[in-house]
Amino acid sequence: MTRRLAGEWIVREMWTKQLTPARTGNIIIIILRITKKVGRFVLKILVINAGSSSLKYQLFDMRSGEVLAKGLCERIGIDGKVKHQSVSGAKYEAEAAMHNHSDAIRVLVQMLTEGELAVISGMHEIDAIGHRVVHGAEYFSGSVLIDDKVMRALEDCVSLAPLHNPPNLVGIRACMEIMQGVPQVAVFDTAFHQTMPKHAYLYALPYEYYEKYRVRKYGFHGTSHKYVAGKAAEALGKPLSELKIITCHLGNGSSITAVNGGKSVDTSMGLTPLGGVPMGTRSGEIDPAILEFIMEREGISIDEMTGILNKRSGVLGVSGVSSDFRDLHDAEESGNGRAKVALELFAYGVKRYIGSYMAVMNGADAIVFTAGIGENNRDIRRMVTENLDFLGIAIDQEKNLRNELDISAVGARVRTLVIPTNEELVIAGDTESIAGAL
């Protein structure tokens, strides 16, 4: 029983049975004890993922775990477009004037509450809002209720994630403005990786830079790595605390994580999401001297160089074709040698991390592929796992083609799993726990 349902029941009982205030008080105490044990104080959670010119959202009914509605407000500040889908499967897509994120929140409210696609009668039905925040630095080792102190800490993290944290903050402020009084929770990409040992997260730089500026490896995609590691344990039928798992979140942004006993002990991304394997448009790890070498010869600034590393590198930079792996496969089939090399470069980078994390953890029980590429790209999964049989890793190509949950070959010592990620559900769950404690 939830507190809301409990309240409705109490009012009905008071009216029909003419209960005394004392009797009603005793019933309330009993109900609160029951609801506290059940832990279902929060019924509907709105999950927000704000980008620089976009805002993704999902509305969860936590009683059933059902997604009531989801959508995307994009091209905010330009021409504005909204895409919305309700639980019935009905879809809506149109242009919408959105000069800023506050406008986007108003459009979101309209989508959820008005017309044929409405799934709630009003915003009073939303019990809490969960925000994806990319960088929490060392301030946060878990999700937190947002208050003034938290907002100041998020501001301090802007320099560590200049492309991500500012829009996250804008989304939070917009929700505070439009939905005043609704509890807001920050769920961090970096929090899951705060269990890394010091020797794994420190860089071999003068220690003063860590002390003064907290320059270290933080890691990202934490909610995804946490979710799929838990699902892998379920698939293996063993407690997560007893397993060694390597999770491969492969998408336009990609990261690999070593999860030992349910805790992140190493991960590929670093101080920023630029580190690690080559990605769609990001370089991944490179010799740092390359920056000065190119800047001197091209006569470009550090800001321009940062833009190149983030937006013009990765498989896009190598192939000259696209950051979309579907386009790269099409180009490869047409005989484009650079597209072929770009795909090989990516798969090789993932393979290297798997090998190194097998060494870090003294083996692994499972390899997990997740996110857009990991879940759907059979060729990349094949390329990554080829010639790893000496580590006990081998996949069944028929199972791989069918995108089965377990694509391991018969006799493989290490299980290879394909598990769809659900970062929004993790955010909703953390939000429910924290807001419910209020």
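These numbers were taken from a predicted model, which means no experiment stands behind them.
Of the inter-residue distances, the one linking Gln58 atom CD with Glu424 atom CD reads 4.5 Å to the nearest 0.5 angstrom. For the atom pair OG (Ser323) and CE (Met279), the distance works out to 12.5 Å, reported to the nearest 0.5 Å.
A cation-pi contact, defined as under 6.0 Å to the ring centre and within 45° of the axis, links Arg216 to Tyr201.
If you look at Phe325 and Phe346, their ring centroids are closer than 6.0 Å. Phe220 and His193 have their aromatic ring centers separated by at least 6.0 angstrom.
Between Gln184 and Val150 the shortest side-chain heavy-atom distance does not fall below 4.5 Å. A 4.5 Å side-chain heavy-atom check between Leu240 and Ile245 finds at least one atom pair inside the cut-off. Within the 4.5 Å cutoff, the side chain of Arg132 has no heavy atoms near those of the Val47 side chain. You'll find the side chain of Met179 reaches within 4.5 Å of the side chain of Ile105, heavy atoms only.
With a 6.0 Å radius and a threshold of 12 heavy atoms from other residues, nucleotides or ligands, Lys56 has its NZ atom at or below the threshold.
For the 3.5 Å distance criterion, the side chains of Ser301 and Asp303 fail to qualify, holding no donor opposite an acceptor. A donor atom on one side chain and an acceptor atom on the other are found under 3.5 Å apart for Asn403 and Arg381. For Thr421 and Ser224, the side-chain atoms include at least one donor-acceptor pair closer than 3.5 Å. Side-chain polar atoms of Thr257 and His221 form no donor-acceptor pair below 3.5 angstrom.
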Verdict with reasoning, Phe369 to Thr385, per side chain to side chain contact (heavy atoms under 4.5 Å, CB included): CA-CA 11 Å; Phe369 288 98; Thr385 54; 3.9 Å; yes
Check against side chain to side chain contact (heavy atoms under 4.5 Å, CB included), Val426 and Asn422: CA-CA 7 Å; Val426 174; Asn422 196 335; over 6 Å; no
Worked check of side chain to side chain contact (heavy atoms under 4.5 Å, CB included) between Met196 and Thr267: CA-CA 8 Å; Met196 287 189 292; Thr267 192; 4.0 Å; yes
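Using a 30° and 60° split on the angle between ring planes, Phe140 and Phe188 fall in the parallel class, below 30°.
Applying side chain to side chain contact (heavy atoms under 4.5 Å, CB included) to Cys73 and the options Met98, Met111, Arg106, His101 leaves one that passes, Met98.
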